[in-house]
Amino acid sequence: MTKPSLNPLRLTVFFPCYNEEANVERTTEKALAACRDLTNDFEIIIVDDGSKDRTAKLADDLAAKYPEVRAVHNNPNLGYGGALQRGFREATKDWVFYTDGDGQFDFGEIKKLLPLLENHDIVSAYRMNRKDSLMRKLNAFCWGTLVNLVFGLNIRDIDCAFKIFPRSLFDHIQMRSMGALIDTEILAQSKYLGYKIGQLGVNHYARTAGEQSGANLKVIARAFLELFRLRRQIKATTTPHTRQSS
Ligand SMILES: Nc1nc2c(ncn2[C@@H]2O[C@H](COP(=O)(O)OP(=O)(O)OP(=O)(O)O)[C@@H](O)[C@H]2O)c(=O)[nH]1
Ligand SMILES: [Mg+2]
């Protein structure tokens, strides 16, 4: 692949929002400030995932107020994977960054990822101080170990919602995951295609508003079903390239 230029940086930033009426304005304004600090050539996409609260209206108002902001809507709700797929498909700039819409990450840390892109094709961050319960951290550890083993990956925090990709990657991979497996689906295919994945620690903050929903049983069950499907799919459809270590 030919890596896009980092100077000037052409950047899409997007974040999924499901019932984030308490967060979407603050998140968008933080994204705007961070992007303006990095480049003149950027777009911000709010992916409203069929929210039942006022998120859709607030996202449309933000898009009307700021020319760099666009709001897209999945209707009905398609799940976390469906929301990320939409963001990657809507992106038009050379580099695509995504994070969560609930304010648990600091957009200001995007600039820490960029130097790694000199020697890597993708950067996948890990949470240095994950603000979740011990049980949730334990579940994530077991899940991460399983996924790394199954796909021959070496990713420290695969579901960390703080990653940057060249947009062209999405012309070469298939995204089918509608749930939490989406990150694994993207990184496993990238690795098989020979993309070099860099990793770096970022801060994680507790949710200050809105409702927790990231680890309910439905989400976990769907992730397991998708894991087995993805294993079959990758074996059947992706031609392995030169394997590189991350
Ligand atoms: N849970 C959930 N989140 C979605 C969905 N679609 C988009 N999102 C957004 O995806 C991001 C991550 O979801 P969260 O519920 O915050 O998941 P998490 O950070 O792992 O967990 P908590 O914040 O602790 O619940 C948030 O910005 C959500 O608004 C969906 O269908 N379900
Ligand atoms: Mg969250």
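Whatever order the structure lists them in is the order used to number ligands and atoms, beginning at 1. If you read the sequence from its start, that first residue is 1, and numbering goes on from there. All values below were derived from every heavy atom in this structure, side-chain atoms included, with hydrogens, water molecules and symmetry-related copies excluded. Remember, it's a predicted structure, so these values are computed and weren't measured experimentally.
- Atoms of ligand 1 lying under 4.0 Å from any heavy atom of Asn77, numbered from 1 in the order shown and given with element: 30 (C), 31 (O).
- Close contacts between ligand 1 and Cys17 involve ligand atoms 29 (O) [criterion: under 4.0 Å to a heavy atom].
- Of all protein N/O/S atoms, those lying under 2.8 Å from the Mg ion (ligand 2) come to 2.
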Exercise. Given Arg207 and Glu20, is the salt bridge (Lys or Arg N to Asp or Glu O under 4.0 Å) satisfied, shown in steps?
Worked result: CA-CA 11 Å; Arg207 215 185 223 281; Glu20 299 288 2; 3.0 Å; yes

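- With ring centers used as reference points, Tyr192 lies 6.0 Å or more from Phe151.
- Applying the 4.0 Å criterion to heavy atoms of Asp49 picks out, from ligand 1, the atoms 5 (C), 6 (N), 7 (C), 30 (C), 31 (O).
- For the salt bridge (Lys or Arg N to Asp or Glu O under 4.0 Å) with Arg127, the qualifying choice from Asp106, Asp100, Asp157 is Asp157, the only one to do so.
- With ligand atoms numbered from 1 in the order given, ligand 1 contributes 26 (C), 27 (O), 28 (C), 29 (O) to contacts under 4.0 Å with heavy atoms of Glu20.
- Note: Phe162 and Phe97 have perpendicular aromatic rings, judged against thresholds of 30 and 60 degrees for the angle between ring planes.
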For this session: Go through the steps for Asp60 and His73 under the test side-chain hydrogen bond (donor to acceptor under 3.5 Å, both in side chains), then give the verdict.
Result: CA-CA 10 Å; Asp60 287 338; His73 306 274; 2.8 Å; yes

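- Annotation for ligand 1: atoms under 4.0 Å from non-hydrogen atoms of Arg207 are 14 (P), 15 (O), 16 (O), 22 (P), 23 (O), 25 (O).
- Residue-ligand proximity, Gly101 to ligand 1, at heavy-atom distances under 4.0 Å covers atoms 27 (O).
- Ligand-side atoms of ligand 1 in range of Gln104: 19 (O), 22 (P), 23 (O), range being under 4.0 angstrom from any heavy atom.
- Of the candidates Met178, Arg86, Arg136, Lys131, it is Arg136 that places a heavy atom closest to atom 20 (O) of ligand 1.
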Problem set entry | Evaluation steps, salt bridge (Lys or Arg N to Asp or Glu O under 4.0 Å), between Glu43 and Arg70 | CA-CA 8 Å; Glu43 64 180 354; Arg70 193 145 54 91; 3.4 Å; yes

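- The contact set between ligand 1 and Asp102, taken as ligand atoms under 4.0 Å from a residue heavy atom, comprises 16 (O), 19 (O), 23 (O), 27 (O).
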